[in-house]
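Keep in mind the model is a prediction, meaning the values are calculated, not measured. A note on names: the letters A, B, ... follow the listed sequences, proteins ahead of strands, and every chain is numbered from 1.
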There are 2 protein chains.
Amino acid sequence: MEAALELAATTRSLASLGLREVARHAGLNPNTFYRHFKDFDDLGVAMLDELGTELRAGLREARMRPAKKGFRLSDFSNPAEGLAQAQALARESVGLVLDFVMDHREAYTVGIRELHGTSPVMRQAMQDLLDGIAVDMTEDLLGVLMLPAVSHEELLAVARVIVRQMVFFSMDYLEQPSRQAEIKREAERFILLLFWGAIAARAPELLSQAKLKFPAI
Amino acid sequence: MEAALELAATTRSLASLGLREVARHAGLNPNTFYRHFKDFDDLGVAMLDELGTELRAGLREARMRPAKKGFRLSDFSNPAEGLAQAQALARESVGLVLDFVMDHREAYTVGIRELHGTSPVMRQAMQDLLDGIAVDMTEDLLGVLMLPAVSHEELLAVARVIVRQMVFFSMDYLEQPSRQAEIKREAERFILLLFWGAIAARAPELLSQAKLKFPAI
DNA sequence: TCAAGAGGTATACAATCGTCGACACGCACA
DNA sequence: TGTGCGTGTCGACGATTGTATACCTCTTGA
C-alpha cells in the first residue's frame, strides 16, 4: 500500500499502476500481490479505508476541541455575538482541513484523482467518504450552533456543498503555495456567505437588526 | 479524436489510453498518430479546445437569450421584483448547464476526469476553461444584473465557486437520473443562497425591507 | 514539371504487462 | 506429530505496448 501510494503520488493514477511495478517498488515478487488483494480496486478501497477513517476522525476530534475549551456558540439571542462566533468556527474548520491536506499531500492528491476517476468502485467509495464527512459536520454543528430557523436537512445540504467546495480550495492550496493565505480567506468567506444566505433566507430581520457588517475578509 | 473520446468514455482515462489502441479503434496504423499529435497531452488539449469553446460559446449565447427577449433584471430599486428575476435567471442558467452535460455526456465525463487527473497539462487546461466560464458569467451578469453593492471582484469569486460546484451537481445529474429534478432544485437553491448571502453581507436592510420569503425550492 | 511534404502503411524490436503452475518456508492447531 | 494455510518466490507464457526505420501515394506550389 505504501509503495502504491508513493508511485501514484508523482504522476500516475491508481488504476494505471502496474501490478509488477508496485511489487517491484515494494521489493516483492509480482505474484505476492495476489496474496493480499484481488484487484487494484481492492487495494484502493483498503487504502481509502485507512486514510479516510483517519481524516474523518481527525476532523471530528478537531471540531470537538473548541467545544471542550468552553467555546460554545450562542443561540443567536444576541445576533452580533452569534455571528462573530460563527466566523470563528468557520475559520477553525477551514484551517483544519487545509492543514490536513498539507500533512497528507500525497494521499489527498491520489484520493481526489479517484473521485472522478475510472473505477466506479473507487468513485463510490470517495463519494461515500465525502458524504460521511458532511454528515459528521452537520451533527457537530447541530450540537454546537443553533442557527435560527435552519432545519437539519438544510444544514446537511449546506454541509455537503461546503465539503465539495473544499475539495477545490484544497487543490488550490496545494498547487499554489504562494497564495495560501488568500485561498484560506476565500474559503472562509465562501462558508460565511452560505450561512449568511441561509440566515437571510429564513430570518432576514436578524441580520439587519444585528447591524453587523459582514467581516471584511 | 473521436476514437479517443469513445474509448475514454467507457472506463478509461485519456492518459491511460494506448496509442495503438486508439489507432486501431480509428482504423488507422499506429504510427499515423504521430503525424497529427506529439503526445497524448497534445491530443487532449486539441479535444478540449474543440469542446471547450463550444461549451463556452453555448453558455454565452444562452445567457444572452433572455436579454434579447426583453428580459432585464432590475437594479433592485424594487427589491421584490429584483429578487424574483434573479431566481428566474438562476433557474435558466442551471437548466442550461445540465442540458449541456446531458447532451455531451461522454465529453463531459472525460473532461472532468482530467480536471484532477494525471497530466499537469490537461489539468491546467481544464482549470483555465472553468475559470474562463466564470469570467464570462461575471461579465454577463454585470451587464444584466445590478446587484446592490456587490463589486466586480466579489461577483467573480462567487461565479468561480458556482462553476466549480456545478461540476459536482452535473456529475450527480448524470449518475442519478431518477433524482434529476431534485438535483436541479438543489443547484438553483445553492446559487440563490450565495446571492442572498452576498446581498445580506452588503445590504441586509434590503432583504428585510423586501419582506420576500426565500423561494421554497 | 518536379520537388517537397503531408498523410498513411508495413515490419521489426525490445520492454513490459497480467497471470499461471509449481514450489518453499513457517506458524497454528489438531 | 503432522497437516493445512498464509505468505513469498521462481520461471515462463502469450499479448500488448511505444517507437524506429523505411517505403508508398497523393497534393501543392514554384
Notebook entry, point to check: Below 4.0 angstrom, N of the basic side chain to O of the carboxylate: do B:Glu182 and B:Arg189 qualify?
Noted result: no
Next item on the list: Would you name the heavy atoms of A:Val94 and A:Ala187 that are closest together and state the gap between them?
Entry: CG1-CB, 3.9 Å
Check: Between atom CG in B:Asn29 and atom P in D:dT21, what is the gap in whole Å?
Finding: 16 Å
Item checked: Atom-to-atom span, CG of B:Asn31 to C1' of D:dG18 - whole angstrom -> 9 Å
Next item on the list: Give me the ring orientation class for A:Phe37 and A:Phe33: parallel if the planes are under 30° apart, tilted from 30 to 60°, perpendicular past 60°.
Entry: tilted
Checklist line | Whole-Å distance separating the CG atom of A:Leu28 from the P atom of D:dT7 | finding: 12 Å
Check: Which nucleotide of DNA chain C is the first, and which the last, in the 5' to 3' direction, to come under 4.0 Å of a heavy atom belonging to chain B?
Finding: C:dG7 to C:dA12
Notebook entry, point to check: So does A:Arg56 pair up with A:Glu61, basic N to acidic O under 4.0 Å?
Noted result: no
Next item on the list: Compute the angle between the rotation axes at the two ends of the helix from C:dT1-D:dA30 to C:dA30-D:dT1, each taken over five pairs, rounded to 10 degrees.
Entry: 10°
Side-chain atoms of residues 44-53 of chain A: list all donor-acceptor pairs with protein atoms under 3.5 Å, sequence neighbours left out, distances to 0.1 Å.
| unit_1 | atom_1 | unit_2 | atom_2 | d |
| --- | --- | --- | --- | --- |
| A:Thr53 | OG1 | A:Asp49 | O | 2.8 |
| A:Thr53 | OG1 | A:Glu50 | O | 3.0 |

Notebook entry, point to check: To the nearest Å, how far apart are B:Arg35 CZ and D:dT25 P?
Noted result: 15 Å
Using residues 158-169 of chain B as the side-chain source, report each donor-acceptor pair under 3.5 Å to any protein atom, sequence neighbours left out, with the distance given to one decimal.
| unit_1 | atom_1 | unit_2 | atom_2 | d |
| --- | --- | --- | --- | --- |
| B:Arg160 | NE | B:Asp131 | OD1 | 3.2 |
| B:Arg160 | NE | B:Asp131 | OD2 | 3.3 |
| B:Arg160 | NH2 | B:Asp131 | OD2 | 3.0 |
| B:Arg164 | NH1 | A:Asp172 | OD2 | 2.8 |
| B:Arg164 | NH2 | A:Asp172 | OD1 | 3.1 |
| B:Arg164 | NH2 | A:Asp172 | OD2 | 3.1 |

Notebook entry, point to check: Does A:His36 place a side-chain N or O at less than 4.0 Å from the phosphate oxygens OP1/OP2 of D:dG6?
Noted result: no
Check: Taking atom types as modelled and ignoring hydrogens, do the side chains of A:His104 and A:Glu54 form a donor-acceptor contact shorter than 3.5 angstrom?
Finding: yes
Between N or O atoms, less than 3.5 Å apart, protein on one side and nucleotides 13-17 of chain D on the other: list the pairs.
| unit_1 | atom_1 | unit_2 | atom_2 | d |
| --- | --- | --- | --- | --- |
| D:dT17 | OP2 | B:Arg24 | NH2 | 2.6 |

Margin query: Show the nearest heavy-atom pair for residues A:Leu19 and A:Pro30, with the distance to one decimal.
Written below: CD2-O, 3.4 Å
Next item on the list: Calculate the interatomic distance between B:Phe40 atom CZ and D:dT19 atom C1'; express it in whole Å.
Entry: 13 Å
Margin query: Under the salt bridge (Lys or Arg N to Asp or Glu O under 4.0 Å) definition, can you give me all pairs with a residue in residues 19-48 of chain A, not counting sequence neighbours?
Written below: A:Arg12-A:Glu21
Next item on the list: Give a yes or no on whether a salt bridge exists between B:Arg113 and A:Glu114, defined as a side-chain N under 4.0 angstrom from a carboxylate O.
Entry: no
Notebook entry, point to check: If you take all heavy atoms of B:Leu174 and B:Tyr108, which pair is closest and at what distance?
Noted result: CD1-CD2, 3.8 Å
Next item on the list: Calculate the interatomic distance between B:Asp39 atom CG and D:dT19 atom C1'; express it in whole Å.
Entry: 13 Å
